[in-house]
Number of protein chains: 2
Amino acid sequence: MNISKVAKLTGVSAKTIRYYESIELMPEPMRAENGYRDYSDKDVDILKFIQSARKMGFALKDVGNLLQLWQNKNRASRDVRELAERHIKEVENRIFELQNIRDTLKNLVECCHGDDRPDCPILNSFVKENNCGCEET
Amino acid sequence: MNISKVAKLTGVSAKTIRYYESIELMPEPMRAENGYRDYSDKDVDILKFIQSARKMGFALKDVGNLLQLWQNKNRASRDVRELAERHIKEVENRIFELQNIRDTLKNLVECCHGDDRPDCPILNSFVKENNCGCEET
DNA sequence: TATGGTCCTTCCAGTAAGGGCAAGGTCAAG
DNA sequence: CTTGACCTTGCCCTTACTGGAAGGACCATA
């Protein structure tokens with residue numbers, strides 16, 4: 001199977017597949033006589049695994065660890081779970097930060113006339129200590 | 001005012017201040033006789049503005065636009081508001097994605113024994129079509 | 001057989017937003 | 001006079017890729 005077929009099967013671009021190989025996340029595939037990469041079904045499974053883990057927001061470093069665990073039949077599910085739990089915490093922290101940003105910006109946008117006039121509580125908020133310039137004007 | 005003082009005043013590291021200057025986000029400050037950067041109060045205000053906008057999650061490119069608007073006394077608050085609204089949408093999309101990830105992972109973690117045994121629905125989910133391996137085992 | 005178009009290969013460079021480190025100049029204190 | 005704490009520039013490292021150039025390979029058609 002050549003690289004573009006694998007790309008279609010997995011949804012990972014050829015460029016990215018080569019990149020994963022270069023950082024040794026993927027094993028090196030066989031080579032056809034013409035030098036083209038020649039992938040097996042197992043390679044495709046590995047790539048699908050990587051892609052799934054990426055979609056769950058795991059960093060490539062974590063994906064590498066998950067891949068190790070996946071291929072180690074003596075793994076402890078505890079290790080996988082701990083990795084996932086750490087990741088969940090990071091995701092939740094990020095959600096929290098983004099929600100704060102969203103709430104603050106929504107307040108500011110509501111206060112902003114949004115017309116031809118220059119006065120703008122959004123810009124004001126970047127200068128002053130308080131977060132929302134609503135009470136003035 | 002030398003760079004480390006400005007760094008303390010604004011919470012932006014000296015390194016980052018120089019970086020902002022290099023990408024022309026900040027104007028070049030005066031130089032003292034010894035070649036050291038010498039910042040004015042206005043420079044500090046600009047940096048504080050940048051820092052505030054960064055804390056709201058705006059990309060440096062957007063921060064540049066906001067800075068232009070801030071310094072243009074003939075600006076229309078509409079332009080600022082539109083920029084902010086676009087950003088809010090991006091933030092909300094990101095929140096949504098992260099919530100999906102969190103929910104999926106939480107389900108998987110709940111299903112995982114998390115002990116010495118290798119069987120793990122989290123890993124399974126990365127291989128199979130369904131998102132949660134809960135129903136099996 | 002020439003030609004064109006589409007694949008494949010490698011390597012180089014760039015992105016965002018800085019961090020780290022090195023080599024060298026400066027300054028103030030003891 | 002020396003030590004430590006600043007400052008300067010410059011270059012590489014990070015994450016997770018993407019784009020492009022230059023050069024082979026393969027296939028169909030005129």
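Computation of the quantities below employed the complete heavy-atom set of this structure, encompassing side-chain atoms and omitting hydrogens, waters and symmetry-equivalent molecules. First the proteins, then the strands, lettered A, B, ... as listed; each starts at 1.
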For [N], take OP1 and OP2 only and decide whether either is under 4.0 Å from a side-chain N or O of [X].
{"X": "A/R54", "N": "D/dC17", "answer": "yes"}
{"X": "A/S13", "N": "D/dC17", "answer": "no"}
{"X": "A/N34", "N": "D/dA25", "answer": "no"}
{"X": "B/T16", "N": "C/dG19", "answer": "yes"}
{"X": "A/R37", "N": "C/dT9", "answer": "yes"}

Measure the distance from [atom1] on [X] to [atom2] on [N] and round it to the nearest whole Å.
{"X": "B/M30", "N": "D/dC7", "atom1": "CE", "atom2": "P", "answer": "18 Å"}
{"X": "A/N2", "N": "D/dC26", "atom1": "CG", "atom2": "P", "answer": "12 Å"}
{"X": "A/I17", "N": "C/dT9", "atom1": "CD1", "atom2": "P", "answer": "10 Å"}
{"X": "B/R18", "N": "C/dG19", "atom1": "CZ", "atom2": "P", "answer": "11 Å"}
{"X": "B/I23", "N": "C/dT15", "atom1": "CD1", "atom2": "P", "answer": "11 Å"}
{"X": "B/L47", "N": "C/dG18", "atom1": "CG", "atom2": "C1'", "answer": "14 Å"}
{"X": "B/Y36", "N": "C/dG24", "atom1": "OH", "atom2": "C1'", "answer": "11 Å"}
{"X": "B/E24", "N": "C/dA17", "atom1": "CD", "atom2": "C1'", "answer": "17 Å"}

- Message: Apply ring pair (Phe, Tyr, Trp, His ring centres under 6.0 Å) to residues A/F126 and B/W70 and explain how you reach the verdict.
- Response: CA-CA 10 Å; A/F126 292 163; B/W70 180 45; 9.2 Å; no
- Task: Assign each of A/A14 and B/K61 to its nearest nucleotide of DNA chain C by heavy atoms, then name whichever residue's nucleotide is nearer the 5' end.
- Result: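 Mapping each residue to its closest nucleotide by heavy atoms, the 5'-most match is A/A14.
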- Name the residue closer to the 5' end of DNA chain C, choosing between B/E33 and B/L60 according to the nucleotide with the nearest heavy atom.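 Checking each residue's closest nucleotide, the 5'-ward one belongs to B/L60.
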Do [X] and [Y] come close enough that some side-chain heavy atom pair is under 4.5 Å?
{"X": "A/M26", "Y": "A/R18", "result": "no"}
{"X": "B/N72", "Y": "B/Q68", "result": "no"}
{"X": "A/D115", "Y": "B/R81", "result": "no"}
{"X": "A/L67", "Y": "A/I46", "result": "yes"}

- Which atom names give the shortest non-hydrogen contact between A/S77 and B/C120, and what distance separates them?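 Heavy-atom minimum between the residues: CB-CB, 4.0 Å.
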- Which pair of non-hydrogen atoms, one from B/I3 and one from B/A14, has the smallest distance, and what is that distance?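 Smallest heavy-atom distance, with atoms named: CD1-O, 3.6 Å.
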- Axis-to-axis angle across the helix from C/dT1-D/dA30 to C/dG30-D/dC1, five pairs an end, to 10 degrees?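 It works out to 30° between the end axes.
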Answer with yes or no whether [X] presents, from its side chain, a donor or acceptor under 3.5 Å of a partner atom in the base of [N].
{"X": "B/Y19", "N": "C/dG19", "value": "no"}
{"X": "B/Y20", "N": "C/dG18", "value": "no"}
{"X": "A/K15", "N": "C/dG14", "value": "no"}

- Closest to side chain of A/S4, choosing from D/dC7, D/dT8, C/dC7: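 Looking only at side-chain atoms, A/S4 lies closest to C/dC7.
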- Item | Test item: side-chain donor near acceptor, B/S40 and B/D43, under 3.5 Å |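 Short answer, yes.
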